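These numbers come from a predicted model, not from an experiment. Order of appearance sets the numbers: ligands from 1, and atoms from 1 within every ligand.
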Amino acid sequence: MSPLPDFLRPLVISGPSGVGKSTLLKRLFADYPDKFGFSVSHTTRAPRPGEEDGTHYYFVSKDNFRNLIDQKAFIEQAEFSGNNYGTSFMTVNEIAKAGRRCLLDIEAQGVRQVKATNLNPVYLFISPPTMQDLRSRLQGRGTETEASVQKRLAAALKEIEYAKEGAHDLVIVNDDIDRAYDLFRKVALGEKIEGDSLPPLDD
Ligand SMILES: Nc1ncnc2c1ncn2[C@@H]1O[C@H](COP(=O)(O)OP(=O)(O)OP(=O)(O)O)[C@@H](O)[C@H]1O
């Protein structure tokens, strides 16, 4: 069976830090080990315990990152919480060459830049049900200091503002993980779904 038309377009996944993007992606890759390729970003942030270079990120120095910008290696790149993140053309091309759907985890600044390219992806926003849920997930993950949680929440407001502008093709609310994953899986496979409406997120 030939793939659905949307399967041939990259899928950009956005959403505030702590909303559950990595959790959804992990399940997808476990269920479909051969169908997708995650566009591994370059970052200047320090690896968290268990994160591996080349799998979760390409961990590079600030100088190295600046050189890559100068070489125009990035489709998009942005600074977030004091660290740089970028998606290289090379990474995305390699996934397409391998016949897999390219999945990209990109925040609002980056999405604006991707929109100025000819990548033509599907834009998906993963939303928390409420701001309180987002706060408790960030705190519960145990990877952040309280200051870092505050920074991420401030950045989350910008992500949400952009989503409220209608920047994305689709929204999935990560309330119940099984329900959210079922929708996410369908979108990733290229199925057309109704999607959720964006919650008010004003709490
Ligand atoms: N539906 C859900 N209900 C409750 N907790 C969840 C749900 N989805 C994910 N979580 C938990 O929320 C925390 C944050 O999830 P995760 O690390 O996947 O977020 P993320 O969006 O990838 O964040 P970042 O962008 O910072 O990498 C994790 O501890 C995860 O187990």
So, S88 versus T91: side-chain donor-acceptor pair below 3.5 Å or not?
-> yes
Please determine if E76 and K115 form a salt bridge, counting it only when a charged side-chain N lies under 4.0 Å from a carboxylate O.
-> no
Is R100 close enough and on-axis enough to F36, meaning under 6.0 Å and within 45°, for cation-pi?
-> no
Looking only at non-hydrogen atoms, find the nearest pair between V122 and R9 and report the distance.
-> CG2-NH1, 3.5 Å
Looking only at non-hydrogen atoms, find the nearest pair between A156 and L134 and report the distance.
-> CB-CD2, 3.7 Å
Just list the N/O pairs, ligand 1 to protein, that are under 3.5 Å apart, with the distance for each.
from, atom 1, to, atom 2, distance (Å)
ligand 1, 1 (N), N174, OD1, 2.7
ligand 1, 1 (N), D175, O, 3.0
ligand 1, 1 (N), I177, N, 3.4
ligand 1, 3 (N), R137, NH2, 3.3
ligand 1, 5 (N), R137, NE, 3.4
ligand 1, 8 (N), N174, ND2, 3.0
ligand 1, 17 (O), R141, NH1, 2.9
ligand 1, 18 (O), S22, N, 3.3
ligand 1, 18 (O), T23, N, 2.9
ligand 1, 18 (O), T23, OG1, 2.7
ligand 1, 19 (O), G20, N, 3.2
ligand 1, 21 (O), G18, N, 3.4
ligand 1, 21 (O), V19, N, 3.3
ligand 1, 21 (O), G20, N, 3.1
ligand 1, 21 (O), K21, N, 2.9
ligand 1, 21 (O), K21, NZ, 3.0
ligand 1, 22 (O), S22, N, 2.8
ligand 1, 22 (O), S22, OG, 2.4
ligand 1, 23 (O), G18, N, 2.9
ligand 1, 23 (O), R141, NH1, 3.0
ligand 1, 25 (O), K21, NZ, 3.0
ligand 1, 26 (O), S17, OG, 2.6
ligand 1, 26 (O), R141, NH1, 3.2
ligand 1, 26 (O), R141, NH2, 3.2
ligand 1, 26 (O), R152, NH1, 3.3

Under 3.5 Å donor-acceptor pairs involving side-chain atoms of residues 65-72, not counting sequence neighbours:
from, atom 1, to, atom 2, distance (Å)
R66, NH2, D63, OD1, 2.8

